[in-house]
Structure formats: structure tokens, C-alpha cells
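Please read all numbers here as calculations on a predicted model, not as lab measurements. Reminder, nothing fancy here: chain letters follow the sequence lines and each chain counts from 1.
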There are 2 protein chains.
Amino acid sequence: MNMVQKTAETQTKPISVIIVEDFKLTRVGLRCALNANDDINVVAEAEDAVEGLKLIERHKPDVILMDLGLPGMNGIEAMVKCKEMNFDSKIIALTSHDRCEEVIAALTSGASAYCLKDIDPNKLADVVRDVSTGVCWIDPMVAQMTLNSLPKIDNAGLLPNKSNNEGRVPLTEREFEVLKHLVSGKSNTEIAKELIVSVHTAKAHVCSILQKMCVNDRVQAAVKAVKEGMV
Amino acid sequence: MNMVQKTAETQTKPISVIIVEDFKLTRVGLRCALNANDDINVVAEAEDAVEGLKLIERHKPDVILMDLGLPGMNGIEAMVKCKEMNFDSKIIALTSHDRCEEVIAALTSGASAYCLKDIDPNKLADVVRDVSTGVCWIDPMVAQMTLNSLPKIDNAGLLPNKSNNEGRVPLTEREFEVLKHLVSGKSNTEIAKELIVSVHTAKAHVCSILQKMCVNDRVQAAVKAVKEGMV
DNA sequence: CAATAAATTAGACAGTTGGGTAATGGATTA
DNA sequence: TAATCCATTACCCAACTGTCTAATTTATTG
């Protein structure tokens, strides 16, 4: 039952990898895990960003494994500098955190993949292969979060399609404002204060939002709004 | 520590897949390519979105392969409706185009992966495996484009951060159950009825959920849960 | 101009929510 | 065994929610 799925075992030269990681033990672990694969070759290792950048410049590796929590220059800065050097090395960001801003920052600063450190070593090899071909790969723990950070686009009429508009919700502009505050968890009183109207007004808006969205309470409205990218 | 080699070859039941694709020939191709793998099982196929949604509702598959260019209701609408049904099926968007808006629209509408149709069949199987575990996988042809669409964040001083791991939420199993009901908009009374406990219990759980998630009310909890993919 | 829709305000009311505090039994762990 | 954590129940209370009815003002549109 074990035959097909190695998409990478071709005859071409192995994927060259550089590891930038401050913990010696993790470094060794990464090297061993990756070098166990015939098609992957760890060509160098660095324990800080400065050294890492030098090695990257020298070796021009296919893939860079970059720890984000480095002493001195952090991994994200390092990635930016790396991209400025203009090789087409692909970068895998590696951390143990799953903070939203960090994930986004890494991915917008040059990383093609984001892995948490507890990834299975064999899986990591797969990711290295994927990323070397240009794939964007994001760890399950942060995937949803990342996808939710993408800008919402009005899907209606995106594809040659007509019949759809009926399901849509025709909220007024004011109601949209209210909805945004509602989604951010504000109470009617807070919404009223924010929009400089009376609580009665805020309540009235919320009420008509609920009816237009066909839901029973503000929680459902908020969830629906988030899920459908209305906000 | 870990003897697994191929992340998929375990003894657990195969990954169930539903294919929604209008071209018969492509459908056959997809089915054959996937069914060639012991750990993947194509349980149904549909040639349009309406039929697809019915099948999805019936089978609750692990993974859905969704063509975006369907006649009638398009794939993106179908994904939205699919997400509304609230199973945790993962969706792979499949098209032959690489239009930016379409990619983003797909990923924000519920897709966990975006594949172009000329993908290697074995690679597709890998993607199915990855996606079934929650990975976000984006085809090389559109990966860079997608990453560029992420909101830019000011990286300065992003990382000097260690104390943050506390932000993570260690909800108990019971609390997770309650959270799910909460997200679906149920009141404490309804949650209590659902879990066959008293309202007091439900309230207690909700209360500790709010504290653990560091939010002030159930709306914020629901939104956070949805945004971070906790449910 | 008249009709329609949106935004605003108000009072009232039953029901829900979230915070405290406190007690009990069961399970796991030190 | 003792200490902890979890699930469960209970009561109180201030605050908030959602619905109703009803009225005024401003735009927009036929």
C-alpha cells in the first residue's frame, strides 16, 4: 500500500535547503529529518539571521527554513532582506506561535509557507518539496485564520451568473455600520454611542438587521456576517 | 518518537471525497486519479451545484472537490451554501483559470485549497490528504498572487514577544460543545436543553468560555471562534 | 406633488445575559 | 491521601436584548 504518492522522487538534482534556527537541538532535528530524504539536501545552517543571510547569498538555496524567533534580527526582517537579494529561494516560516499578526507578517514578507514546529518531520519534507515548486502551504492550526484575513470580495456576479441576487441581503448603509459594530461585539448602548444616536435607534437598526438577515439574535447575525464575508 | 512515514498511510478509514464538476470526462479523470489511492474514497459525484449540495448534505464528506465554473449556481455560491450547512468538510477549489478575484473569492468563501486543473494527479491526492487535516494549499501559479493580497502589516517590533502564548485557549471538551452551540446562535436555555443539563450549567460553561477566550460577551466569543476556525 | 423608504426617537415589557458566590461529586494527579 | 480540575446545580441581581406600537424628519422617486 505504499507506492504511489512520493511526487518528488525524480532523478533531478536534490532540493537544496538552508536552515536558520537558533536552537542547536532543533537545528539538528531539522537537518536529520530533511537529510533522511534522498531528494532533499541541507546545504548549510545558521543560528542567527546575519549568518543566515550570508549563507543564503553564497548558496542560493532552493528553500530556506526560517525560524521567526531569532535573537537579534528577527526572522521576518531577515526574510525581507532575503527577498531584496532577489534569488528565487522559497521560504518556509517556522515557529511555535500561532499569533495572527505574525502569520500574516511572515506571509506578506516573503514566506511561501507557515509551519508550526510540532509538524511531523515527514510532513515537513513534503512541504519542502511543495514549496520548492511554488506552492503556498499553511499549517492547519493557522490556515483558517489566514484565509479570514484575505480581503472580502463581493462574490455576487463574479462568474457569469445571474439568478443569484435574491438570496442576498439588502441592508441599508446605516444598517451595515451597525452590523460592523455588532460583529465586533458591541452592545446596543455602545453602538448608539459610537454612531451618536439614541439607544432606541441602535435597537431599531439591530432589529431590522435581524429580520433582513433572517436570524433570531445578534449572535447568529454576527456569525453569518463573518462567514459570508459581509464585514 | 514517531515512526509514521507517509502522513496518510494509517489504518484509519479512508478520506471520503465528493466531486462536483460539470465535464463528465474530467469527473471520470478525477475519480480515477483519487480512487487509485487506498486512503482516498470518492463517495459521490455531481455535475452541478444543486445536485452537489444534496450529495454533500447526505454524505458529509471529508473533502469536496469543487469546480468553480459550474452551470447554473456557480462553485463559489455553492461553497457559501455548503459552509452554511456547517459540516466541517474541507473544500478544494478547482479551475482552469487564474484570475485573482476568483482565487480570493474562492478562498474567502470557504475553500481551503486552490488547484489549477492541470495539476499532477498524484499531487492532487497529496492535496486531498493535506486539506483533510486542515492545511491551506495554494497552487504555485496563483500562490504569489494570493500572498500579495494579504493585508500588509507593520512588521516593526512584531516579534519581540514571548509572553503571548497565554493568549491561547485551553477550552475543555464540554466547553467546546457549548461553544459550538453558542456559535450556532443558541440561547443558554437551548444549549442546556441540547446537552441535557440545567440552564445553570450551561451558563457556567458559557461564563468560563468567555473568560478563557478573553472576551466580554457571547457575540465576541462566536466571532472569534469563527474567525480563528475553532469550530 | 404624493408616495415610499430610511433614519431617528420614545415607552414599555417579557425574557436573556453575565457576574458573583457557593456547594457537590467524580476524575486525575502529585 | 490530599490537592486539583471539571461538570454540575443553585440563587440573586443589575444590565441588556428583542419586539411592539407610534411618531417625526428627510430623501428619493414615480
Flag for [Y]-[X]: side-chain donor and acceptor within less than 3.5 Å:
X      : Y      : result
A:T146 : A:S149 : no
A:W137 : A:D126 : no
B:S16  : B:N41  : no

Are any non-hydrogen side-chain atoms of [X] and [Y] less than 4.5 angstrom apart?
X      : Y      : answer
A:T95  : A:K117 : no
B:L68  : B:M79  : yes
B:R174 : B:H205 : yes

- Item | Residue among B:L179, B:T172, B:V215 satisfying side-chain contact (heavy atoms from CB on, under 4.5 Å) with B:I209 | B:L179
- With a 4.0 angstrom cut-off to heavy atoms of chain A, pull out the first and last contacting nucleotide of DNA chain C, in 5'-to-3' order. C:dA6 to C:dA12
[X] [atom1] to [N] [atom2], straight-line distance once rounded to whole Å:
X      : N      : atom1 : atom2 : answer
A:Q211 : D:dT17 : CD    : P     : 17 Å
B:D217 : D:dT17 : CG    : P     : 8 Å
B:L171 : D:dC5  : CG    : P     : 16 Å

Extract from the structure each pairing of a protein N or O with an N or O of nucleotides 6-11 of chain D at less than 3.5 Å, listing the distance.
{"from": "D:dA7", "atom 1": "OP1", "to": "B:T172", "atom 2": "OG1", "distance (Å)": "3.1"}
{"from": "D:dA7", "atom 1": "OP1", "to": "B:R174", "atom 2": "N", "distance (Å)": "3.4"}
{"from": "D:dA7", "atom 1": "OP2", "to": "B:T172", "atom 2": "OG1", "distance (Å)": "2.9"}
{"from": "D:dT8", "atom 1": "OP1", "to": "B:R174", "atom 2": "NE", "distance (Å)": "3.3"}
{"from": "D:dT8", "atom 1": "OP1", "to": "B:R174", "atom 2": "NH2", "distance (Å)": "2.8"}
{"from": "D:dT8", "atom 1": "OP2", "to": "B:R174", "atom 2": "NE", "distance (Å)": "2.9"}
{"from": "D:dT8", "atom 1": "OP2", "to": "B:H205", "atom 2": "NE2", "distance (Å)": "2.8"}
{"from": "D:dT9", "atom 1": "OP2", "to": "B:S198", "atom 2": "N", "distance (Å)": "2.6"}
{"from": "D:dT9", "atom 1": "OP2", "to": "B:S198", "atom 2": "OG", "distance (Å)": "3.3"}
{"from": "D:dT9", "atom 1": "OP2", "to": "B:T201", "atom 2": "OG1", "distance (Å)": "2.2"}
{"from": "D:dT9", "atom 1": "O5'", "to": "B:S198", "atom 2": "OG", "distance (Å)": "3.4"}
{"from": "D:dT9", "atom 1": "O5'", "to": "B:T201", "atom 2": "OG1", "distance (Å)": "3.4"}

- Take A:V128 and A:V17 through the test side-chain contact (heavy atoms from CB on, under 4.5 Å) and record every step on the way to the result. CA-CA 8 Å; A:V128 168; A:V17 178; 3.9 Å; yes
